[in-house]
Amino acid sequence: MATIIEPTIFELSSPGRRGVTMPASDVPTVDLPAKDFLRSELPLPELAEVDVVRHYMKLSSFNYSVDGGFYPLGSCTMKYNPKINEDTCRLPGFLFTHPLQPIETVQGNLALMYEMQDWLKEISGFAGVTLQPAAGAHGEFTGVLMMAAYHKSRGDTKRTRMLIPDAAHGTNPASVGMLGMSVVTIPSDSRGNVDLKALEAACDDTVVGMMLTNPNTLGMFDENIEKVIKLVQGCGGLMYGDGANLNALLGIVRPGDLGFDVMHFNLHKTFSVPHGGGGPGSGPVGVSQRLADFLPSPLVGIIEEGDDETAPLYGFVNPKNSIGRMKAFHGHFGGGLVRSYTYILMHGPDGLKDIAQYAVLNANYLQARLRGTYRIPYDRICMHEFVMEGHFEGSDVRALDISKRLMDYDFHPPTNYFPLIVPEALMIEPTETENKDTLDRFADALIKIAEEAKSQPDLLHNAPSTTQFGRMDEVKAARELVLCCWLPENYEA
Amino acid sequence: MTYIPISPQERDAMLKTVGVKTLDDLFEAIPAKRRFPKLDLPPALTEMEAAAHLADMASSNENVRQDLISFLGAGAYNHYVPSVVDHMLRRGEFYTAYTPYQPEISQGTLQAIFEYQSLMTNLTGMEVSNASHYDGATATAEAVNLAYAQYRGKRKKIVMSPSVNPQYRAVIRTYSQGMGLTEVGDEAGNHEDGPEVLMSLIDEATMLVVVQYPDFFGRIYDYKKLIDTAHEKGALVCVVANPTALILLKTPGEMGADIVVGEAQPFGIPLWYGGPYLGFFTTKKSYVHKMAGRLVGETVDVRGNRSYVLTLTAREQHIKRERATSNICTNQGLLALGCSVYMSVLGRQGLQEVANLCYQKAHYAAAELSKIDGFGLCHPEPFFHEFVLCTPKPAGEVNQYLLDHGVLGGYDLSTDYPDMQNHLLVAVTEMNSRDEIDTLVALLKEM
Amino acid sequence: MNAPSNLKYTKSDEWFDPASGAAGITDYAQSQLSDIVFVEILVDEGEEVTVGKAIASVESVKASAEIYAPAAGKVSAVNKGLSEKPETLNSDPYGEGWMIKIENGAAGEVMDSAAYEKYCEGRTH
Ligand SMILES: Cc1ncc(COP(=O)(O)O)c(C=O)c1O
């Protein structure tokens with residue numbers, strides 16, 4: 001039998017125990033619908049409020065978090081999330097407005113969304129922005145739908161192939177797969193740029209476009225970016241930018257200025273929406289002029305211009321050739337847009353540039369400190385992150401072992417095994433919100449671990465040893481598939 | 001304001017280690033003529049100024065707690081959220097963690113998701129729940145993806161009830177643009193019909209039947225017959241359900257549904273002007289490999305501790321790439337936790353109280369409103385906490401009149417159903433006191 | 001690594017038995033995938049397959065793969081029980097782990113066992 005460190009909420013339940021109670025009804029009682037319409041049992045837990053609090057407090061103590069320590073998870077931009085955001089997004093005027101209220105009653109929300117659209121345009125150099133997508137992948141799907149709609153509107157129906165570099169995140173090909181397009185993988189060259197020869201060979205009149213992360217997932221800004229875009233657009237394709245790495249570019253360069261046609265933002269990376277243990281995020285999408293008519297509907301627009309005395313009336317407008325609706329209502333307003341709006345407002349143009357500069361400085365500093373100890377396959381000035389190889393000549397230690405050992409030093413590991421083109425990849429993104437001491441401690445730990453890999457490899461193979469939980473049996477989980485603790489048929493027992 | 005914890009001296013030392021002179025030197029890979037654009041954004045505010053500015057913006061809204069009496073539902077519901085919920089969500093250990101890719105130091109998130117999965121399957125009467133989708137609409141669209149994958153593109157027809165939330169149907173149309181599907185059942189004018197009408201549309205080419213429970217007009221149907229018919233033809237059935245209603249009503253699982261999805265916003269998530277909300281997705285175990293999204297399973301660690309991991313991850317985009325059923329990566333993790341805390345702290349009995357209050361108050365409102373001359377319930381079917389009120393004037397005019405008196409009357413159904421001019425969709429929850437209901441009734445009497 | 005000499009092999013790690021028409025994944029493939037937890041046969045009995053058509057999809061704890069037809073012809077049998085016991089692919093890839101049978105299958109580009117063994121060795125460093 002396994003040892004149970006914290007029982008589940010069901011196991012903690014005791015029949016008859018009460019938590020929060022509701023007021024008595026103040027209206028005359030009517031009968032419930034006929035019994036045929038009702039459920040026979042409600043197998044849900046029964047606990048007191050204190051039981052619930054202790055349970056979740058206990059669970060919270062099992063988590064590593066940005067508030068608790070350094071979390072250099074590459075591609076995820078685990079920056080510190082300012083506490084003020086938590087207050088602004090919970091202001092009653094935001095919390096308690098219904099998405100279908102008449103626009104006259106929610107001008108504050110609409111003004112915020114309108115400004116947010118404008119700011120994101122300004123930051124990225126795009127002509128239009130939708131705030132609707134819920135996360136990065138959702139934004140990608142939105143972008144790919146617009147690319148398809150654009151070609152279709154021109155009667156250009158041959159285009160079914162999307163070019164995607166081999167270093168791309170899985171959501172890129174998956175977004176393309178959802179539309180039934182095919183993926184053409186484009187290799188990277190020895191400097192971590194798109195291989196121009198391969199790209200040129202792939203460009204023809206069947207190309208929808210290219211999805212490029214820039215800086216890419218190696219942390220490299222493509223040195224030929226303008227040539228890449230020219231090649232793709234030269235054959236009639238559209239250029240998609242995966243904006244997951246925008247943190248490196250704030251105030252540094254605007255993707256729209258470089259010629260990208262469409263890009264998603266990850267507000268939960270760049271603009272400090274906390275990751276929430278997996279979400280929610282927010283994935284607005286910016287587009288160039290030629291795609292603006294295809295944006296999802298609705299957008300926030302000005303319905304009646306204002307003047308010196310009166311504010312404009314904000315409301316919803318539908319783009320002419322809109323691809324349609326991506327989700328219910330208007331995007332991740334409260335938990336996404338309000339937090340990011342607060343963040344941008346507090347940084348201003350110079351503050352945003354500082355973010356990018358220090359994110360890049362921190363990554364380069366760590367890279368410089370670890371060069372020599374770990375192999376860095378694409379070794380040049382990186383942007384906000386870099387990738388090194390987590391293995392050593394003549395040793396069976398793997399990247400995973402190094403990651404697990406880092407936990408013993410009280411650090412969150414980097415991203416493992418991504419991008420796929422680097423063997424035993426360790427992808428490190430420190431972000432701008434870490435100080436030099438933390439970076440030094442982290443580099444020292446990794447250097448020490450490299451020594452341990454030689455002298456005491458079992459320390460790595462058996463790591464982590466100081467954490468509350470050790471390595472998990474993933475095969476057991478997948479084979480036995482225990483996915484919930486209380487199947488209805490077990491309820492009686 | 002800055003959150004960068006590096007002093008100028010430290011910066012200079014770091015630049016030296018890197019081997020460059022200035023921060024700007026780090027950006028030589030960027031085309032020079034595009035480098036360092038001047039951004040036209042408002043100047044930075046301090047925390048104190050930003051807090052005041054945001055408070056101003058928020059208070060320029062009229063909200064449904066302090067300013068307006070609300071009977072607006074139509075997919076988002078005004079419910080009470082116990083204080084504990086937000087206290088737990090404000091734990092940095094939860095909200096500043098990433099997706100639990102490293103299970104040894106993410107057991108809090110993982111166990112919480114496992115419990116969420118358990119709560120949702122028990123609520124819906126299904127066997128498997130994923131860790132969440134963006135919202136009810138995209139969860140429904142993912143049900144289409146599942147069915148499409150299940151039949152490997154060999155069946156391409158959806159039978160869609162016209163009384164599924166119009167926004168959900170719109171999202172499905174957007175999502176399925178590349179699949180070449182046909183959709184039947186959804187034609188304008190069919191909305192007065194019950195589920196029987198859909199039965200004749202199901203055939204051997206049908207991959208999925210989609211219905212809502214209670215439907216968009218609040219009506220409660222037992223879908224068992226419809227589901228049996230679909231199964232005879234080999235089609236799957238997706239039921240879009242309201243979680244508050246499920247506290248009381250027979251589960252779609254009991255009716256035989258293959259997929260039960262919906263919007264869990266009513267369970268502990270504020271209205272927040274439409275998001276972020278929480279799409280739940282539950283199904284039968286036999287479809288688990290075709291289900292999108294993250295999934296947590298129980299296992300043990302090397303020390304023999306019961307623990308939890310993300311499992312069956314090879315279904316997902318990071319491994320299966322273009323062959324994955326869906327591209328979803330980031331989901332609604334924190335809100336799934338909020339939903340679990342909500343369900344736990346109300347518990348079985350507290351939830352039953354919520355459902356009962358909704359039911360009682362909605363029925364009181366319906367009874368009183370139908371007593372007014374010219375008003376009446378449009379549908380005879382049983383309902384839960386939402387119903388269609390037939391009004392003597394266009395619902396838009398009724399709403400404007402009510403708004404002038406500080407009341408959000410309900411949802412004007414002509415927005416989506418052009419022939420439903422005089423149809424107001426009214427939602428009543430535990431938040432509506434008898435006084436509020438009486439105010440609505442009195443106002444309409446005077447109209 | 002085990003590669004019976006009566007079978008033919010593809011570069012994408014499928015095996016084909018010219019005698020029985022059976023096809024599946026090789027021992028090398030299953031060991032690379034490691035613990036297989038899901039298999040779905042993508043073709044039905046009676047269906048015509050061409051060389052290289054996807055006939056099955058396999059998922060393990062950490063990877064996924066498409067399996068392609070090593071020969072062209074009509075599918076005469078499908079191993080229906082396999083989806084219930086995907087771990088069979090790990091334990092008995094050439095026996096109980098067969099996926100489909102192709103009637104009078106005309107093999108595409110295939111190797112004999114010696115060539116395949118060499119090919120696999122070349123890939124493990
Ligand atoms: C490079 C890249 N692209 C896309 C995504 C997908 O974004 P999301 O998780 O918000 O859907 C990620 C996130 O992990 C990413 O790192």
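Note that the structure is a prediction, hence the values are computed from the model and not measured.
Proximity to chain B (any heavy atom under 4.5 Å) is restricted, for L73(A), to the side chain, taken from C-beta onward. For chain B, the nearby parts of L38(A) are the backbone and the side chain; heavy atoms of each come within less than 4.5 Å. Heavy atoms of P37(B) lying under 4.5 Å from chain A belong to its backbone as well as its side chain. Looking at E86(A), the atoms closer than 4.5 Å to chain B (heavy atoms on both sides) sit in the backbone and in the side chain alike. Contacts of M407(A) with chain B are made by side-chain atoms alone, with heavy-atom separations under 4.5 Å and no backbone atom involved.
Side-chain contact check for T2(B) versus I355(A): every heavy-atom pair is 4.5 Å or farther apart. In this structure the side chain of P280(A) reaches within 4.5 angstrom of the side chain of L334(B), judged on heavy atoms. Counting heavy atoms from C-beta on, the side chains of K404(A) and E104(B) come closer than 4.5 Å. By the 4.5 Å heavy-atom criterion applied to side chains, L249(B) and R39(A) are not counted as neighbours.
Taking chain B as the reference chain and counting heavy-atom pairs below 4.5 Å, the highest number among P173(A), S282(A), P464(A), G348(A) is found for P173(A). Among the candidates F418(A), Y64(A), F221(A), the residue making the largest number of heavy-atom pairs closer than 4.5 Å to chain B is F221(A). Across T99(B), L54(B), T17(B), the residue that shares the most heavy-atom pairs under 4.5 angstrom with chain A is L54(B). When each of S403(A), G281(A), S175(A) is scored by its heavy-atom pairs under 4.5 Å with chain B, the top score falls to S175(A). Interface remark: of the candidates R254(A), E223(A), M220(A), R17(A), R254(A) forms the most heavy-atom pairs closer than 4.5 Å to chain B. Counting heavy-atom pairs closer than 4.5 Å to chain A, the top-ranked of the candidates A58(B), G178(B), S70(B) is A58(B). Taking chain A as the reference chain and counting heavy-atom pairs below 4.5 Å, the highest number among I220(B), N399(B), L41(B) is found for L41(B). Top candidate by heavy-atom pairs under 4.5 Å with chain B, chosen from K79(A), E480(A), Q101(A), is Q101(A). In terms of non-hydrogen atom pairs under 4.5 Å with chain B, the most contact-rich of I123(A), I5(A), L100(A) is L100(A).
When all heavy atoms of N61(B) and G93(A) are compared, the closest pair comes out as ND2-O, 3.2 Å. Nearest heavy atoms, R306(B) versus E6(A): NH2-O, 3.7 Å. Heavy atoms only, all atoms of each residue included: T138(B) and M326(A) are closest at CG2-O, 3.5 Å. Summarising the geometry of T96(B) relative to Y71(A), their closest heavy-atom pair is O-CE1, 4.2 Å, with the distance given to 0.1 Å. Taking every heavy atom of both residues into account, S60(A) and E93(B) meet most closely at O-CB, 3.3 Å. For F469(A) against D301(B), the heavy-atom pair with the smallest separation is CA-OD2, 3.4 Å.
Of the N and O atoms on the side chains of N63(A) and T109(B), at least one donor lies less than 3.5 Å from an acceptor on the other residue. S344(B) and Y56(A) are linked by a side-chain donor-acceptor pair at a separation below 3.5 angstrom, with hydrogens and angles left out of the test. In the model, K327(A) has no side-chain atom that pairs as donor or acceptor with a side-chain atom of Q167(B) under 3.5 Å. Looking only at atom types and distance, the side chain of H53(B) has a donor-acceptor partner in the side chain of Y341(A) under 3.5 Å away.
Checking side-chain atoms of Q117(B) against main-chain N and O of L483(A) turns up a donor-acceptor pair under 3.5 Å. Although no hydrogens or angles enter the test, the distance criterion places a donor-acceptor pair under 3.5 Å between the side chain of Q360(B) and the main chain of V30(A). Under the 3.5 Å distance criterion, the side-chain polar atoms of H98(A) are matched with a main-chain donor or acceptor of A76(B). With N122(B) contributing its side chain and L44(A) its backbone, the two residues share no donor-acceptor pair below 3.5 Å. Checked by atom type and distance alone, the side chain of E115(B) pairs as donor or acceptor with a backbone atom of I9(A) at under 3.5 Å.
Taking the six-membered ring for Trp and thresholds of 30 and 60 degrees, Y3(B) and H347(A) have ring planes inclined between 30 and 60 degrees apart. By the 30° and 60° cut-offs, the orientation of the rings of H332(A) relative to Y134(B) is perpendicular. Note on ring orientation: taking the six-membered ring where Trp is involved, the planes of F141(A) and Y175(B) are perpendicular (angle over 60°, cut-offs 30° and 60°).
From L295(B), atom CG reaches atom CG of L481(A) across 7.0 Å, with rounding to the nearest 0.5 Å.
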